Amino acid sequence: MQFGIFGGAAARLVHITNERQVYTAFTDYVCEAEELGFKSFFIAEHHFSGISQISAVLNFLCFLAARTKTMRLGTAVSVLPWHNPALLVEQAATLDLLSGGRLDLGLGRGYRRSEFEGFCIPFEEADARYNECLDFIRKAWTTKGRFSHHGTYWNFDNIIIEPSPLQVPHPPFWVGAGSPQSLRAAAAQDFNILLDQIAVPAVIGERLQIYKAAVEEAGGVYHPHRVGVTRAFHLATNQHERDLACEHRAAFLLKAAELQRDTKKQSSLGLPTSMEEIRDATEKAALIGKPDEIIRRIEELQALGVEYIMMMDVALSHGALRTFAREVMPHFADQKAVASAA
């Protein structure tokens, strides 16, 4: 079992008002996670939210590359329609070089209409812009020498992308997926996948099996670490701590639903929008409770084939992180590795 950290710092949710403190606190949290044995850190890209969510994710990950040594550093995701693709691949390759080949590049279309409106990009162009940018990225990292690109949104003549990434031919691509169609599409394109923090274990298991079958049908090699499952994490040893955890969870989910709601469709993309729904989602999907309870919840996921969990704690609790590393992670240590070390 492999564990990582999933994040998207928001000052108002962790009760920090100074933005420098937000970034400092997040950096310290990630660095300690590496020391404790967490294998990766994935961060979401968001803009114009008003809650200090990190926007310049490649900049932030480049800073973390200098502060960490082994941890994989991932975007979850870089939203392609908002970026000049040439600049994006240059920045991503630079990060991959400086980190020693530790970049996991998550790619996405974007889903908040307000962000598209802020960039003055029609929301309806999201798919077309994503596909064109993805085509450019593949070409940029697989073409030797100079090349040209002429598309609907971007045109480049006789260019060469420098530097080249350290990972050959490029960093692993990750995408968020959930529907059978999106899972099969990810497998067909040889993408790794990120599964959401809301879906209950049974649904996670179904999605994993659809993806696994599609990878194998496409002639690829499936490995359980190609599927990252995000889970909210709250350590609660008594009822008071459980109540506080639910408050943190409610604040995050309600704000996320508000930001993601498509006002023209009156949809919040499946996020819970009431306290009753939040309690239900928390009880069924989140890693909440005492260490032994969290172990049971992880065992349920492991029995379904999950071997890579990315934990999200909006409170950024170092104490909870240490307890998890001390009391939960050893339970899921690779038994073959333990036997060989002995």
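Worth saying up front: this structure is predicted, and the values here are computed from it rather than measured.
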Legend entry - By ring pair (Phe, Tyr, Trp, His ring centres under 6.0 Å) - contacts of H149 (at least two apart): F136
Inset, instruction - Indicate whether any N or O donor in one side chain lies under 3.5 Å from an N or O acceptor in the other, for E307 and H225. - result: no
Legend entry - Closest contact, heavy atoms only, L134 versus F191: CD2-CZ, 3.8 Å
Inset, instruction - Kindly check if the number of other-residue, nucleotide or ligand heavy atoms within 6.0 Å of CD (Q239) is above 12? - result: yes
Inset, instruction - Starting from the C-alpha separation in whole Å, work towards a yes-or-no answer on side-chain contact (heavy atoms from CB on, under 4.5 Å) for L88 and L80. - result: CA-CA 9 Å; L88 180 65; L80 299 188; 3.5 Å; yes
Legend entry - Under 3.5 Å: donor-acceptor pair, side chain of D96, backbone of A92: no
Legend entry - Approximate separation, where rounding is to 0.5 Å, of R72 CZ and W174 CH2: 9.0 Å
Inset, instruction - Give a yes or no on whether the backbone of V79 and the side-chain of E45 come within a donor-acceptor separation of less than 3.5 Å. - result: yes
Inset, instruction - Please list, chain by chain and in numerical order, all residues satisfying ring pair (Phe, Tyr, Trp, His ring centres under 6.0 Å) with F3, sequence neighbours excluded. - result: F324
Inset, instruction - Please say whether more than 12 non-hydrogen atoms of neighbouring residues, nucleotides or ligands are located less than 6.0 Å from NZ in K139. - result: yes
Inset, instruction - Indicate whether the side chain of E327 and that of T323 have a donor and an acceptor atom separated by less than 3.5 Å. - result: no
Inset, instruction - Establish, from distance only, whether the side-chain atoms of H83 and Q91 form a donor-acceptor pair under 3.5 Å. - result: no
Inset, instruction - Name all residues meeting the salt bridge (Lys or Arg N to Asp or Glu O under 4.0 Å) criterion together with R242; count only those two or more places apart in sequence or in a different chain, and write none if there are none. - result: E283, E293
Legend entry - Pair L36-F38, side-chain contact (heavy atoms from CB on, under 4.5 Å): steps then yes or no: CA-CA 6 Å; L36 291 170; F38 289 86; 4.2 Å; yes
Inset, instruction - Name the orientation class of the two ring planes belonging to W154 and F156 (parallel below 30°, tilted from 30 to 60°, perpendicular beyond 60°). - result: parallel
Inset, instruction - Using the side-chain hydrogen bond (donor to acceptor under 3.5 Å, both in side chains) rule, take H47 and Q53 through it: C-alpha gap first, then chi angles, then the decisive distance, then the call. - result: CA-CA 7 Å; H47 303 268; Q53 288 187 297; over 6 Å; no
Legend entry - Interatomic spacing from CG in L61 to OG1 in T68 - rounded to 0.5 Å: 9.0 Å
Inset, instruction - Return yes if a side-chain donor-acceptor contact under 3.5 Å exists between T24 and T27, otherwise no. - result: no
Legend entry - Flag if over 12 foreign heavy atoms under 6.0 Å of NE2, H150: yes
Inset, instruction - For H318 and E32, test the side chains for any donor-to-acceptor distance below 3.5 angstrom and give the result as yes or no. - result: yes
Legend entry - Distance-only side-chain donor-acceptor flag, Y29 / S317, under 3.5 Å: no
